[in-house]
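Okay, structure first, notes after.
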Amino acid sequence: MSHSLLSDRTARIPFAVLGIFLLLGSSMTCAFILHLEATQTTPAAELLDLNSVSRLTHAAEADIATALNRAGAQALARIGREPIIISSLGSAQDMLTWRLRHALTQNITSYLLAQYTDDQYTDGTYTLNICLSNDTLTIDPDTITFEERTLDLHRQTLPLLGPRPLVSYPSYLIVHLPLTFRVSALSDPDITLRREQATITTLLTSRYLLLEHLTDEFQTTLSGPASPLWAFTTTFANLYSTLRAWKHYVTGAPANIVDNRHLALIANAGILLEQGLVFHSVDPISIITLLSQTGHALNQDDAPLLQYFNQERTPNGSTYNTRNLTQGSANIDAGDNLTDPIETGPLLSFSDIIADILYNITSVTLEFTKPPNLVEYEEVAYTNETSDQIAAMISIRHEQGWTLSNLTKQYILNETTNHAIQSLAASVYRDSMSMVVSNRTVIYTQTNTPGPPWEEGDIGPWHVCLCQPGAKCSTIPLKGDIIPGSSLYQEHYNVTYERTHCWWQDIDVNLSGNHTVIRIWDNRTDTMIESVSLDTLLQWAASFGGTHDDVTDILYENDTLQDPNLQETLDTYRGQHPDSQPEKQQLITTLGNTGATGLQTEIPGLIPQWVQTTSWEAFEDIWDNLSQLTLNHGCNATQYPYPLTLLDHTIANLSALFTAHIQENLAYDRYHPGQRFCSVGMKAVFHARAWLLDSINTSLINTAATLHAALTQILEAAIPASSGYTADSIEETITHTIDALRDKFTIPYGTPMILANPQSPTWTESVLLAVNQIPHVLDPFQPISSGQEQLWTLKLRNRCIFGPTGRPILPLTPVTPWILTMNLWCIDVEGEFLRFEVDDANNEAVYNPLIGHSPQPYVREACVITNGSTILGENTRLHFAYSTISLAVVPAFGMMCGDLQPNWANDATPGYS
Amino acid sequence: MPPPRGQLAVSLLYDTLLFAAMVSLSAVLLIPALVSPLSSDASIEKHRELQVDDVLHTLLVSRPDSFSYTFCGSLLDAAAGRLGVDTTSPGLYTAVRLWILDNEPHHESYEALIAEDLVSQLRIPDGSDGSVRLNLLTTDFDDALRDALHQFFTPLFQGRYAYNVSAQWHPITGLRFGGELFLGPPPPPLTSHVATQQISVPLTPAVRIGNTTIILSQYALARYFTALNLTGNRSIPEVASIRMVLSDYQHQTPPYDSRPFAEAAVVRNLSHLLDGFLIDGIHDTSNATVFPGIANATLDALLARLNNAAQQKNTTLYESVGDLVRAVDHTLSELNASTTTPLASLMLGHFNQTLDSLLNTTFPSLPEAIAACKDWVLNQTTTTVHILFRPMLEAFVTDLFDAGDCVLAFQTMLGSWLLDRLAIQSAYVTLTIWPVHP
């Protein structure tokens, strides 16, 4: 059987035929799709990336911004080497803008011509050119604008001695440069595809502004009253003068308490500390030179600077030992060991205060020594002029080569105090007695009566006609029973009274026949005898200060203590009131006055001699006790170099000590062991103690107030009104800064500061600066050469206001010594740096092909800045000037307190004019 | 009525089975069209091209968070050690070291850092297709920059792409003189994607010719050559000769009426002119320099700081080596009065030693070493230029002779041809990425 695929008489198209078409269709479709994909994909892949124009523009903007920054950094580096401080053509800020603008214009114009012309800037497809006018590129400098970017600078600092810990400073400049781009295809560069005006904005990465502001801040820190350097010098100088003055007070050396050699070191140390606090960096050579020169001033062997350079430092900087200049210099100048302690003792002591109460000075003996072994004495009678005499004597002797080596005082007993003791004892040795009519009885009455018919008429008053004393006897109670009101003595009297007693009767009398009634009188005398008892009573005894009757066995002599205890006062009383005394007679003879008292009399007792001596012994006991009390460890001149502060703390400390030891010094139980005082004398001694303590307290308060007022007055008088500071500001400065400087301080360097953008928490960077100053240490004794100029970089002057002996504080009288000796030095400081340079050591923004990057510098030195023949302005040196005072207060006498060299009134370094 | 019984047609069963097989076959035929990778590959390729452009652009405008490199630390230690400074003690030296050793250009973009690194290398040809880094004081700059770039790319590509960065600054195109920076493995030839961007370098060499100072840029040189009338200036012997040869050839005047002879003469003169332009200067008949030579001027610009520093006068010395070096020198010289510029002197001595080792000669002073180095570089450059530019020169001359008016062609083409050899202020950064297949 033959088969035919197509010949189907049923007219059915076989599926296989459809399948063949399906195969053909699929093949064609597949071929078409593959062809289509192949032909379409290539053009799609080659489609122009129109974003590339934008990308090219952005790349150009970034590139120009980079060039702008680089040009800006180079320009700022040049400007930083010669900043204009005093401008000839406008403000210094205007000149900065002008110079930067012109430098940028010049630099960026060259750059744009080199890079963005002649189709040089291209991505291979497009080219970008800067639009030129007449084939030249002109950038109007005025179109370049700047804005400052202010950042917060965080620093470690010290109150009053350094800058504020957080200061906002303009740190960076942002520059805007408007340009016009023209983009064209590289294949047809004459046709402009896009013309675009763009403003290139970039941050100039140089921190010129920060350096400029920090340097200005450093300048401010150094100069003027109440500046940080002033605060440093004031505190350090006061610590220095105080300790050296104490050394001088004790030993007579150093002769020159405030020495310019040391002031120079203090000023340089202050400059470096301020430098460290402002920049967190200092010139390292300055530190080691300062350490070396300090050692030299202390007679230490000269060590090479290298040795100091290699010394270990603290993590934050180098430590400067304050004590080297304060205590150490005093010891060295006195010929002692560097580290010997200086006894700064209390400014005031109970010993002195009590001594002033107990004794008076009659004269002062000054001991002078002269090498090799000569000793002479001068005695000065103590008068109002003693201080001047001593000053003149010391000065004259000093000029002759004599040195005051000792000063002694001659004392006598203070008679005022002696009288006070006597007066007090006399007050205690006293009692009071009175008499009372204790009984009155009629023992006899006689009335003469005529009998009837007599009628009783008028009766006259009784009147004494006879007073006959009777028995008298002591009624003093037994020991211990005597109390106020006790009857000590009883007297009896018989008093006879008489009176007229009239009688009458009427009788009829015939007179001449007239009967007349007449009255007749018979006046008779009545008699009455009364027995009267009169007692002597004790009113009070040994009264003092509101206390009385608190003595054991009063009115009985204490044999043990040999204290009469007012025993004799009864007899004295009786002796003072004899029977004949009218007042007593009146008491006796006044009818009906039973219970009446009178004759109240205070009777001084006999004061035994031992009361006076024992009172003095008690005083000396108190003196010893209080003198042995020591002030708080820190209450001395080292702790409080400012005299007023020291005085206040001393007084407060003494008062506290005094209050704490009052009971102990009263020794109440010693005199009053039980219910009563042992004797009147003992009470007197006790109250003498109380009096002395009260006197000490009063003296303390009065002394404090008077001293404070006197010191303040002297200080205010010494500080010129135009100085810019006051006694209060000095006190505040020293109080707040002394803790940081007392023993040592750290000059920070090499530590980074934090610079942060308050608006952008992520923008935080560090600032590490390097400082280079010339000279490394300002020297007041050696000028440095600068061209034709001889420059004294440091000029110092100190004037000892109160001369070699200082000024006694508190009125000097022939009987009262002065309490303190004070002196005051006016210190004037001027200085300048030949060259001062700060480099931004951790933001090397200035490109240098040789070393990669170099830092932004900022230099202050004297030079004139020109642009061609035009003077733009001048750079100036950093300079400073300030005045302050230094004080010293020591106790009275000793070796006094003052500079002894001839030029004490004006001790200036050679460059000071 | 029963269905008719077909006797000729295939059975329905066979027909259906055959149809089904054909449908399947059709589907198979369509598969290539449906799963073709052409479009996706093209899309991916395009994406990667754009991506590499974007990444490069992003890199160049980005700023590293913190960037620092160490200035030649061993040198400072050596300078200080010579003076007796205990360089291991935590004393003042630590601070001084910190000041100078860590160079930290804050806020600078990668573009600026790359450009500055390239210029600071002072790389010169070593005579064997390589180059030598003359400035060894900043070698850590290269390493730190590589690290910074690595830190930029690593989180960006997350291991999915490998990358290669090359930055090159060659003031004279094709000559390995200038600076180079490479990072990453060499890219595969076919599967990588490349982006290149031109960046500017911080160098603006300028030459002084007579009373005129010209910045060595295409713009300034083009105008200078126009003003000089370079191609018409018969006072320049080479130009005069070329013009004469071309004119003779154009007018079929012997001996240059034959093209090969004329071409050889033009190539010879043009080679001299190119040498003068690129290397040792163009001189007129009175032997006056009308142009000092690009390599000469660029070398002078690069070595100017060294030259200035070598004068050992404080002003020029510290202008060249920077303010911090001065500060450190002041510090160190105070410690030992025997030398006033210990660090700067040591730096210069270091360069001297480098040049000594490079040239296998000992020089008594740095200025002499610099002069010898310059001569050596110029010699190397001359050799390289001759080898490198000879084919281009011949091609240019052929083009000249192919032009109708070859004198006119010479006048119009020479300037741009010469300037095309230069890229003094432009460096090129190339980023190549390729996918990494696990």
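In what follows, chains carry the letters A, B, and so on, assigned in the order in which the sequence lines appear, proteins first and then strands, with residues in each chain numbered from 1.
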### Modelled atom types, side-chain donor and acceptor of A:His853 and B:Glu104, under 3.5 Å
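No pair is found: no donor N or O on one side chain lies under 3.5 Å from an acceptor on the other.
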
### Message
Any donor-acceptor pair under 3.5 Å linking the side-chain atoms of A:Thr122 with those of B:Gln198?
### Response
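Side chains of B:Gln198 and A:Thr122: no pair found under 3.5 Å.
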
### Query
side-chain contact (heavy atoms from CB on, under 4.5 Å) between A:Tyr847 and B:Val119: does it pass, once the steps are laid out?
CA-CA 10 Å; A:Tyr847 179 66; B:Val119 176; 3.4 Å; yes

Contact part of [X] toward chain A, heavy-atom cut-off under 4.5 Å: side chain, backbone, both or neither?
{"X": "B:Leu203", "value": "neither"}
{"X": "B:Tyr428", "value": "neither"}
{"X": "B:Leu30", "value": "both"}
{"X": "B:Val28", "value": "neither"}

Is it the side chain or the backbone of [X] that comes within 4.5 Å of chain B heavy atoms, both, or neither?
{"X": "A:Thr66", "value": "side chain"}
{"X": "A:Arg835", "value": "side chain"}
{"X": "A:Tyr308", "value": "backbone"}
{"X": "A:Asp839", "value": "side chain"}
{"X": "A:Glu765", "value": "side chain"}
{"X": "A:Ile774", "value": "side chain"}
{"X": "A:His58", "value": "both"}

Heavy atoms only: give me the nearest [X]-[Y] pair and the separation to one decimal.
{"X": "A:Thr202", "Y": "B:Arg63", "answer": "OG1-NH2, 4.4 Å"}
{"X": "B:Gln197", "Y": "A:Ala59", "answer": "NE2-CB, 3.0 Å"}
{"X": "B:Leu29", "Y": "A:Ser26", "answer": "CB-CB, 4.1 Å"}

### Task
Take B:Glu116 and A:Arg70 through the test salt bridge (Lys or Arg N to Asp or Glu O under 4.0 Å) and record every step on the way to the result.
CA-CA 10 Å; B:Glu116 288 165 354; A:Arg70 203 173 281 133; 3.1 Å; yes

#### Entry: Intermediate values then yes/no, side-chain contact (heavy atoms from CB on, under 4.5 Å), B:His107 and A:Leu203
CA-CA 8 Å; B:His107 308 296; A:Leu203 179 86; 3.9 Å; yes

### Query
Taking it one step at a time, do B:Glu111 and A:Asp63 satisfy side-chain contact (heavy atoms from CB on, under 4.5 Å)?
CA-CA 8 Å; B:Glu111 177 187 344; A:Asp63 183 61; 2.4 Å; yes

### Task
Give the C-alpha distance, both sets of side-chain angles, the deciding distance and a yes or no for side chain to side chain donor-acceptor pair (under 3.5 Å) between B:Ser426 and A:Gln115.
CA-CA 8 Å; B:Ser426 296; A:Gln115 292 293 97; 3.3 Å; yes

Top of [options] for chain A proximity - count of heavy-atom pairs under 4.5 angstrom:
{"options": "B:Thr196, B:Asp54, B:Ile424", "answer": "B:Asp54"}
{"options": "B:Ser109, B:Ala115, B:Ser120", "answer": "B:Ser120"}
{"options": "B:Val85, B:Thr138, B:Leu137, B:Ile199", "answer": "B:Val85"}

### Message
Can you confirm whether or not the ring centre of A:Trp763 sits under 6.0 Å from the ring centre of B:His106?
### Response
no

### Query
Hey, what do you get for CG (A:Leu850) to CG (B:Leu134), rounding to the nearest 0.5 Å?
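These two atoms lie 9.5 Å from each other.
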
### Query
Given B:Met347 and A:Ile851, is the side-chain contact (heavy atoms from CB on, under 4.5 Å) satisfied, shown in steps?
CA-CA 10 Å; B:Met347 283 171 57; A:Ile851 63 171; 3.4 Å; yes

### Message
A side-chain contact here means heavy atoms from C-beta on lying under 4.5 Å apart; do A:Ile20 and B:Met22 qualify?
### Response
yes

